[in-house]
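A short write-up of the structure that comes next.
Worth knowing before you read on, the calculation uses all heavy atoms, side chains too, and leaves out hydrogens, waters and symmetry mates. Please read these numbers as outputs of a predicted model, since none were measured by experiment.
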Amino acid sequence: MTIATSKQPLPCGAWPSPISAAVVAAGAVPLAQLMLDGPRLGWLEGRASEGGRTTLMVHDANGTRELTPAPFNVRSRVHEYGGGACLLAGGVAWFSHHVDNRLYRVEADGQPVAVTAEGTGHRFADFVLDGARRRLIAVREDHSAGADYPVNTLAAIGFDGVETVLVDGNDFYAAPRLSPDGRQLAWLCWDHPRMPWEGTELWLADVADDGTLVNGRLVAGGPEESICQPEWSPGGLLHFVSDRSGWWNLYRYDHGVVHALCPREAEFAGPHWSFGGALYGFRSEDEIVCAYVEQGVSYLARLAGGNLIPLESPYEEIRELRVQGDVVALLGGAPTIAPELARIDLETGASEVLAHSIPQLPATGYLSVPLAIDYPSEDGRIAHAFYYAPTNADHAPQEGELPPLIVIGHGGPTGMAASTLKLSTQYWTSRGFAVLDVNYGGSTGFGRAYRNLLKHQWGVVDVEDCVAGARHLAAQGVVDPERLLIRGSSAGGLTVLSALSFHDVFKAGASYYGVSDLAGLDADSHKFESHYNQYLIAPPETAAAVYRERSPIHHTDKLRRPMIFFQGLDDKVVPPQQSESVVEALRARKLPVAYLTLEGEGHGLRKASSVVRTLEAELYFYLRVFGIPVPADLPAIEIENLA
């Protein structure tokens with residue numbers, strides 16, 4: 001049966017769309033780090049139009065206002081990924097300024113005032129207020145010594161700016177949390193070569209009258225147990241999330257005994273890439289409000305008496321959650337909801353959206369709603385992904401035409417693809433491309449065993465699952481097997497390069513600040529990830545041979561497909577040389593290649609101009625490669641060696 005349609009048929013990829021690159025750049029307002037302080041709710045908001053600056057917003061009975069006007073940029077560079085850059089407590093805001101890494105203080109209607117000294121080489125993150133001692137406790141990263149890597153500690157910062165180291169000796173620290181009575185401090189720590197989702201330790205110490213820590217003891221964790229999100233209940237009992245069962249579940253520490261609160265094949269936490277995140281909080285001593293992930297989808301619930309009671313929520317991804325009495329604040333999104341900040345009153349059930357990452361969404365006729373799919377991959381694995389069909393209110397494929405497919409390998413690689421509405425995805429689907437966003441083996445949200453599929457298999461399992469996803473959709477007859485594309489950023493860039501080097505499935509690819517040389521990544525990497533490859537690739541004694549086998553830079557003779565590269569020139573995580581080396585190799589072999597560098601960008605795109613430039617360039621590249629008509633208003637870029 002043929003269904004009549006009024007849509008105009010056009011070649012897939014050439015459909016006019018109201019979701020322009022400028023709309024994507026203007027609409028993607030990053031929202032992060034929720035804070036509840038009495039009647040005030042605070043959060044951080046990105047400003048792409050101001051060069052990627054991040055500012056502190058607060059909302060109370062008087063409305064919403066900005067506390068940190070330009071030129072202040074509320075960001076931390078601890079671990080380079082930052083997070084936990086601000087604290088709202090006791091009616092005062094404390095924050096790290098990205099430009100000088102100093103700690104600043106600002107009151108409700110005042111101007112920010114520097115607290116710490118200039119030029120110390122210190123960076124700060126993950127603050128907790130110790131009001132009785134007139135100080136903050138935070139993670140401090142000391143870059144002053146001139147060593148290869150900075151020194152990380154837990155430090156107290158007095159209201160007068162005096163800094164005192166409280167805990168040292170470990171490679172990394174996170175989540176200092178002071179008990180409600182101020183007499184105990186809990187914290188996380190771990191050492192090389194582990195990453196925090198491999199193994200961390202939860203420590204507890206008493207706070208002496210002079211503010212020093214005494215009687216430090218290990219509470220939980222170890223080399224094969226990942227602890228995260230320690231928090232104190234109102235009555236002073238320490239809670240935390242552990243994956244000792246194979247899943248990140250909630251536990252309580254009570255007089256030396258650890259109690260499981262809700263054993264479940266679900267994740268009540270995510271990987272510690274940045275500071276300050278939380279997915280649970282206390283409504284009372286006996287009730288927790290939490291978010292958890294099952295099969296890549298988030299759910300909101302109350303936990304009381306060991307029972308997990310669902311709470312109605314429109315969100316399928318909950319990125320962060322804070323609780324204060326009956327008030328819940330969360331950052332959430334769904335396939336038809338871009339990330340937004342919502343405040344919920346548990347007593348009345350009333351909810352209010354206080355901030356939108358996209359103030360005005362495109363018409364629903366241009367939005368593709370993803371379908372969660374599972375499909376077979378190598379060695380009997382089942383991989384997971386979200387499939388987005390091409391969707392446009394005005395246009396449809398030409399008769400007999402199947403759409404080109406863009407496969408996305410997420411970054412990390414210890415990360416997760418979610419189904420939340422992203423204009424950057426809709427940019428493609430509204431033009432006639434299909435998109436597959438893959439949660440390959442190694443992704444979070446599916447338990448530790450699935451996460452460990454990538455152990456010593458980076459560049460293999462992730463690539464196989466992306467390849468299998470493309471083949472699965474092609475075999476189903478929903479995408480064109482001759483027009484399969486792959487794109488990825490950072491770790492996902494390695495997936496792109498490896499897929500194009502070692503498999504003959506994809507016809508072209510796009511790498512955003514991607515990894516090409518694993519040995520070079522070790523040599524140039526920042527402290528946080530400097531040993532990551534021991535988990536992802538191989539232990540030191542066998543690394544050299546495996547690095548060479550897996551690094552695309554050593555196999556450019558196998559690269560036969562057109563590629564486009566994007567690289568921030570200030571990137572300290574994946575330096576520009578990683579892209580440039582492959583670009584030069586492709587140039588030498590006379591293969592079609594395009595290379596765009598981005599001044600003032602680091603690891604990720606923060607400027608609106610960068611978002612516009614890269615999206616338009618990538619679209620132009622795909623259209624030229626597949627011979628699809630190029631819109632007259634789409635800026636051309638140079639593609640070397642393309643006839």
Side-chain angles (χ1 to χ4, degrees), residues 9-15 295-297 335 366-392 395-410 416-422 424-443 445-446 450 453 460-488 492 495-500 502-510 561-562 618-619 621-623 625-626 628:
L10 282 178
C12 290
W15 300 352
Q295 294 296 304
V297 176
Y366 298 95
L367 300 180
S368 178
V369 176
L371 175 67
I373 65 170
D374 302 327
Y375 56 88
S377 187
E378 299 295 321
D379 299 322
R381 290 193 310 274
I382 297 297
H384 312 283
F386 293 105
Y387 171 69
Y388 296 79
T391 305
N392 189 297
H395 300 285
Q398 294 177 314
E399 185 175 355
E401 183 186 19
L402 292 175
L405 172 70
I406 300 174
V407 173
I408 300 175
H410 63 67
M416 186 181 82
S419 61
T420 292
L421 174 65
K422 297 180 288 290
S424 55
T425 301
Q426 306 296 330
Y427 178 82
W428 300 108
T429 56
S430 63
R431 284 171 169 74
F433 292 89
V435 172
L436 186 70
D437 205 356
V438 181
N439 273 314
Y440 48 74
S443 301
F446 303 88
Y450 193 76
L453 287 174
V460 178
V461 165
D462 52 319
V463 175
E464 290 174 345
D465 288 357
C466 287
V467 167
R471 285 176 169 160
H472 174 75
L473 292 176
Q476 298 293 313
V478 296
V479 300
D480 186 346
E482 297 303 317
R483 295 191 294 178
L484 303 177
L485 302 161
I486 185 167
R487 73 192 300 264
T495 305
V496 169
L497 289 164
S498 297
L500 293 171
F502 306 124
H503 298 267
D504 191 24
V505 173
F506 298 104
K507 307 306 179 184
R561 303 299 190 185
E618 189 179 352
L619 174 61
F621 180 79
Y622 293 155
L623 297 182
V625 165
F626 287 141
I628 300 171

Quick check: do Asp437 and Pro370 have side-chain heavy atoms less than 4.5 Å from each other? no
Please find the pair of heavy atoms, one from Gly509 and one from Val496, that lie closest to each other, and give the distance. CA-CG1, 4.3 Å
Minimum heavy-atom separation for Gly441 and Asp465, please, with both atom names. N-OD2, 2.7 Å
Sub-3.5 Å donor-acceptor pair from the side chain of Glu618 to the main-chain atoms of Ala510, do we have one? no
Minimum-distance pair of heavy atoms, taken over all atoms of Leu623 and Gly13: CD2-O, 3.4 Å
Which heavy-atom pair separates Gly296 from Phe386 by the least distance, and what is that distance? O-CZ, 4.1 Å
To the nearest 0.5 Å, how far apart are CG in Asn439 and CG in Asp462? 12.0 Å
If I compare all heavy atoms of Leu484 with all of Ala470, which pair ends up nearest, and what's the gap? CD1-CB, 4.1 Å
Here the gap from Leu367 atom CG to Thr425 atom OG1, rounded to the nearest 0.5 Å, amounts to 11.0 Å
Which donor-acceptor pairs under 3.5 Å do the side chains of residues 474-482 make with protein atoms, sequence neighbours left out?
unit_1, atom_1, unit_2, atom_2, d
Asp480, OD1, Glu482, N, 2.9
Asp480, OD2, Arg483, NE, 3.0

Any donor-acceptor pair under 3.5 Å linking the side chain of Trp15 with the backbone of Leu10? yes
Verdict with supporting geometry, Tyr427 and Val435, side-chain contact (heavy atoms from CB on, under 4.5 Å): CA-CA 10 Å; Tyr427 178 82; Val435 172; over 6 Å; no
Between Tyr622 and Trp428 (judged by ring centroids, cut-off 6.0 Å), do the two rings come close enough to count as a pair? yes
Before giving the answer on side-chain contact (heavy atoms from CB on, under 4.5 Å), spell out for Gln426 and Leu421 the whole-Å C-alpha distance, their side-chain angles and the decisive distance to 0.1 Å. CA-CA 8 Å; Gln426 306 296 330; Leu421 174 65; 3.5 Å; yes
Which heavy atom in Cys12 sits nearest to a heavy atom in Gly432, and how many Å separate them? CB-O, 3.3 Å
Would you please name every residue forming a side-chain contact (heavy atoms from CB on, under 4.5 Å) with Ser424, sequence neighbours left out? Val24, Lys422
Does CZ in Arg471 sit with more than 12 non-hydrogen atoms of other residues, nucleotides or ligands closer than 6.0 Å? no
Parallel, tilted or perpendicular: rings of His472 and Tyr375 (30°, 60°): parallel
Quick check against the 3.5 Å criterion: does Thr429 have a side-chain atom that pairs as donor or acceptor with the backbone of Thr391? no
Would you find a donor on one side and an acceptor on the other, under 3.5 Å apart, between the side chain of Arg561 and the backbone of Phe506? yes
Separation of Arg431 CZ from Tyr366 OH (nearest 0.5 Å): 11.5 Å
Would you give the length of the straight line joining atom OH of Tyr388 to atom CG of Leu436, rounded to the nearest 0.5 angstrom? 10.0 Å
Spacing of Ile408 atom CD1 and Leu485 atom CG [to the nearest 0.5 Å]: 11.0 Å
Using only atom types and a distance under 3.5 Å, with no angle test, would you say the side chain of Tyr440 pairs donor to acceptor with the backbone of His410? yes
What residues form a side-chain contact (heavy atoms from CB on, under 4.5 Å) with Phe502, not counting sequence neighbours? Ser498, His555, Lys558
